[in-house]
Number of protein chains: 2
Amino acid sequence: MKGIRQLADYLEISIGTVSRALNGKPDVNEETRRRVLEAAEKLGYVANQSGRSLRQGTTNVIGLMTGSDAQTVENSDNFFMGVTDGLQSVFSAHNLDLIVLPCPGDEDPDEYLKRMVARRIVDAMIISSTRRIDKRIDFLKQTRLPFVTLGRTSSSADHAWIDLDFEEVAYSAVNRLAAAGHRTIAVAAPDSDVNLGYVFMEGYRRGLEENGIVYDPSLVIRAKSSEQGGYHAASEWLQMRPRPTALVLIYEMMALGLYRRLAEVGLKPGRDLAVIGFRDGPRGQFLEPRLTSFRMSLHDLGVTVAQTLLSTMPAYAPFYPDQARDCIWPMQLVPGESDPAPAVAASLPAGRQSL
Amino acid sequence: MKGIRQLADYLEISIGTVSRALNGKPDVNEETRRRVLEAAEKLGYVANQSGRSLRQGTTNVIGLMTGSDAQTVENSDNFFMGVTDGLQSVFSAHNLDLIVLPCPGDEDPDEYLKRMVARRIVDAMIISSTRRIDKRIDFLKQTRLPFVTLGRTSSSADHAWIDLDFEEVAYSAVNRLAAAGHRTIAVAAPDSDVNLGYVFMEGYRRGLEENGIVYDPSLVIRAKSSEQGGYHAASEWLQMRPRPTALVLIYEMMALGLYRRLAEVGLKPGRDLAVIGFRDGPRGQFLEPRLTSFRMSLHDLGVTVAQTLLSTMPAYAPFYPDQARDCIWPMQLVPGESDPAPAVAASLPAGRQSL
DNA sequence: CTGAAAGCGCTTACAG
DNA sequence: CTGAAAGCGCTTACAG
């Protein structure tokens with residue numbers, strides 16, 4: 001089966017009618033439509049997307065651009081794969097296909113995005129790993145390609161976005177630790193300029209403030225959002241005097257490295273240090289002690305991202321009349337075993353830092 | 001900037017010349033070419049892919065289809081993200097773009113593939129998570145779309161493929177454990193019909209055989225390739241009488257659940273049970289005890305997959321004249337702390353199974 | 001309800 | 001070396 005021409009010849013009708021029948025246009029005889037659909041199915045005909053796109057000016061494809069930095073590649077921890085399913089459940093209802101556009105590690109994300117947009121292979125874009133000031137935003141606005149960002153920016157007032165509630169997570173983590181009696185609460189935050197780092201720190205500071213704890217910059221550990229970063233953060237913590245009794249992590253996988261580092265010096269998370277991670281997931285759940293973290297549905301997040309995006313596209317907006325243009329995605333605390341009261345930690349001797 | 005027409009008008013030359021200049025065709029005045037490239041850069045012109053594709057019959061896009069099953073989504077553990085970079089480093093040299101096609105969880109992979117292929121959005125496909133008998137292979141051969149599989153099938157004789165050396169990994173894991181004195185060696189294998197499960201089991205049995213150990217089907221634990229599956233496998237192991245002193249895992253993330261389950265009953269991997277995982281990665285490295293596993297470069301794997309694929313495409317084959325059509329990807333043992341001799345494990349009392 | 005025809009944005013023989 | 005023209009596979013006003 002080559003194209004619509006062959007199908008039309010086979011049916012002995014014109015290609016126009018075939019096209020109308022296939023695309024569910026009105027004013028097609030029901031019997032004709034049935035024959036066309038049947039023949040298309042039988043001969044395995046599916047419209048060539050290039051032909052459609054060229055004529056219609058739309059590709060019916062939505063792009064999800066994922067980060068290129070080693071950080072994202074190594075540690076996105078299937079975050080995107082989980083979101084993907086939610087996205088597709090919405091898109092497929094409109095016959096839109098989702099493709100993932102992975103920016104190569106050695107290519108500038110701004111350039112990559114430009115190239116993808118210019119080639120017109122997608123009708124709209126979802127971009128993630130937003131930085132505080134993200135050039136991609138201005139570029140997308142200028143090209144008038146519909147888009148939504150997974151993550152805020154400093155200029156979020158004028159575009160559609162969804163972001164996890166980093167602020168609230170940090171805030172309630174600190175709050176919970178303070179309520180349990182912790183007074184020296186460290187935080188492991190990103191060493192890059194991703195926007196979420198700033199938001200997270202705001203929540204951390206608000207938490208401290210509300211509990212009458214003075215913010216101490218020396219308790220902010222800058223680390224990679226990875227297992228290695230967690231290992232590093234633990235090493236930093238071991239050097240601190242006095243050692244904070246609690247530590248809030250921006251990324252749950254850091255816990256793995258942290259747990260290991262503590263074990264190496266005979267210390268145990270949940271006993272010698274209270275730890276709260278970020279996203280609840282299989283990794284944290286099976287740690288011993290189980291990591292206290294925050295739950296969310298990746299699928300539902302994907303659904304909302306998709307709906308938000310579609311609501312900005314004229315052709316689909318009518319389906320989502322009440323969709324908000326932005327959304328802070330809530331997360332629910334899931335108590336684990338890693339953040340008890342500071343009793344034990346505080347009573348530890350300080351003399352083991354040489355380990 | 002709309003299209004080639006505008007660019008040509010701006011330069012006051014014909015669109016044919018613009019196209020030839022842009023595409024590096026010979027027989028273009030160098031001065032003209034320079035002017036065209038300069039103007040394109042200045043005005044941000046990039047050819048509309050639909051126009052090109054329709055005319056040329058190629059899209060310059062390679063698709064990587066990733067699995068849809070919950071297993072793959074939750075646990076691919078960034079395997080694909082790592083491979084992606086290697087793929088792109090090869091493709092970009094030919095101006096090919098890689099897109100990831102994530103099959104939705106609720107769609108049949110065979111149907112999804114058919115749809116993507118029929119729409120002609122890619123020139124070639126990389127498919128993964130191959131099953132023993134995989135309908136996608138026959139389909140792709142029939143459509144004559146170039147493809148390579150990441151994973152073997154039972155019909156691998158007649159298509160290009162690359163696969164990790166599951167056989168050798170299982171074999172050398174068993175060999176190493178036997179050399180350390182283990183005689184009852186259990187294995188955690190997939191409960192699905194992915195092809196790698198069969199290959200892995202072959203290596204396991206060969207390892208036993210060469211060490212004069214009789215294969216005992218009751219030591220084969222069927223489990224999901226996930227943290228949860230590892231937790232489950234550990235529970236199964238706890239029930240066994242006598243308990244095997246060693247366990248080989250098909251997937252390294254299972255170790256997390258396994259470690260947790262053992263900890264819950266006061267047992268410790270590397271002391272009460274020797275464990276060897278699969279792929280060496282940040283997850284396993286930071287476990288305590290560090291997981292003995294096998295190292296490989298995801299990037300290099302991606303490079304080889306890309307080269308193998310291109311060597312099957314007439315337009316690119318000349319660049320890769322000596323490329324093999326298939327390849328078993330080697331992995332190197334990285335000793336960890338999780339698989340000591342059986343001394344301690346064997347001497348344990350058998351009476352704790354009620355835990 | 002259907003057919004004939006235009007045209008989306010390109011690339012590429014073909015003439016000159 | 002360049003231009004004019006055909007045509008890739010579709011969809012969609014327009015006629016009838």
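Protein chains get the first letters and strands the later ones, always in sequence-line order, with residue 1 at the start of each.
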Asker: Walk me through whether Y320(A) and H94(A) qualify under ring pair (Phe, Tyr, Trp, His ring centres under 6.0 Å).
Answerer: CA-CA 12 Å; Y320(A) 306 96; H94(A) 300 285; 5.7 Å; yes

Asker: Can you tell me if the side-chain N/O atoms of R55(A) get under 4.0 Å from OP1 or OP2 in dG7(C)?
Answerer: no

Asker: Base, sugar-phosphate or nothing for G16(A)? Non-hydrogen atoms, less than 4.0 Å.
Answerer: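 G16(A): base contact, heavy atoms under 4.0 Å.
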
Asker: Between R20(B) and R20(A), which is nearer to the 5' end of DNA chain C once each is assigned its nearest nucleotide?
Answerer: R20(A)

Asker: When the distance from CZ of R119(A) to P of dT11(C) is rounded to whole Å, what number comes out?
Answerer: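 So the CZ-P distance, R119(A) to dT11(C), works out to 11 Å.
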
Asker: May I ask you to test the R52(B)-N23(B) pair for a side-chain heavy-atom distance under 4.5 Å?
Answerer: yes

Asker: Could you check whether S53(A) gets within reach of a base, just the sugar-phosphate, or nothing at all, counting any heavy atom under 4.0 Å?
Answerer: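 Result for S53(A) = nothing.
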
Asker: Quick check on DNA chain D: between V28(B) and L54(B), whose nearest nucleotide comes earlier from the 5' end?
Answerer: V28(B)

Asker: dC10(D) phosphate, OP1 or OP2: any side-chain N/O from S19(A) under 4.0 angstrom?
Answerer: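 No, because none of the side-chain N or O atoms of S19(A) sits under 4.0 Å from OP1 or OP2 of dC10(D).
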
Asker: To the nearest Å, give me how far apart CD1 (I15(B)) and C1' (dG7(D)) are.
Answerer: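 Distance check: I15(B) CD1 to dG7(D) C1' gives 12 Å.
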
Asker: Do any side-chain nitrogens or oxygens of N48(B) fall under 4.0 Å of OP1 or OP2 in dC8(C)?
Answerer: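 Result: no.
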
Asker: Would you check if there is a donor-acceptor pair between the side chains of S53(A) and Q49(A) at a distance under 3.5 Å?
Answerer: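 The criterion, which ignores hydrogens and geometry beyond distance, is satisfied for S53(A) and Q49(A).
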
Asker: Give the dot-bracket line for DNA chain C from 5' end to 3' end: parentheses for intra-strand Watson-Crick or G-U pairs under 3.5 Å, square brackets for crossings, | for inter-strand pairing, dots for unpaired.
Answerer: |||.||||||||.|||

Asker: Does T17(A) make a side-chain N or O approach to OP1 or OP2 of dC1(C) shorter than 4.0 Å?
Answerer: no

Asker: Do the side-chain N and O atoms of T308(A) and S311(A) include a donor-acceptor pair separated by under 3.5 angstrom?
Answerer: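 No, because no side-chain N or O of T308(A) sits under 3.5 Å from a partner of the opposite role on S311(A).
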
Asker: Would you name the heavy atoms of L301(A) and W329(A) that are closest together and state the gap between them?
Answerer: N-CZ2, 3.4 Å

Asker: Just call it for S50(A): base, sugar-phosphate, or nothing, with non-hydrogen atoms closer than 4.0 Å on any strand.
Answerer: nothing

Asker: Report which part of the nucleic acid I13(A) touches: base, sugar-phosphate, or nothing (heavy-atom distance under 4.0 Å, all strands).
Answerer: sugar-phosphate

Asker: Using whole Å, what does the distance between atom C1' of nucleotide dC1(C) and atom CZ of R35(A) come to?
Answerer: 14 Å

Asker: Within the structure, does a side-chain N or O atom of Q56(A) lie under 4.0 Å from either OP1 or OP2 of dC10(D)?
Answerer: no

Asker: Could you please spell out the steps behind the salt bridge (charged side-chain N to carboxylate O under 4.0 Å, His left out) verdict for R132(A) and D193(A)?
Answerer: CA-CA 7 Å; R132(A) 234 176 155 199; D193(A) 67 338; over 6 Å; no

Asker: Just checking D27(A): base, sugar-phosphate only, or nothing, at a heavy-atom cut-off of under 4.0 Å?
Answerer: base

Asker: Taking OP1 and OP2 of dT11(C), is either one under 4.0 Å from a side-chain nitrogen or oxygen of K25(B)?
Answerer: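 Answer no for this pair, as no side-chain N or O of K25(B) is under 4.0 Å from OP1 or OP2.
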
Asker: Any idea which heavy atoms bring S154(A) and N195(A) closest together, and the distance?
Answerer: N-OD1, 4.4 Å

Asker: State whether Y45(A) places a side-chain N or O below 4.0 Å from either non-bridging phosphate oxygen (OP1 or OP2) of dC10(D).
Answerer: yes

Asker: Given dT2(C), is OP1 or OP2 found less than 4.0 Å from the side-chain N or O atoms of S14(A)?
Answerer: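 No, outside the criterion.
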
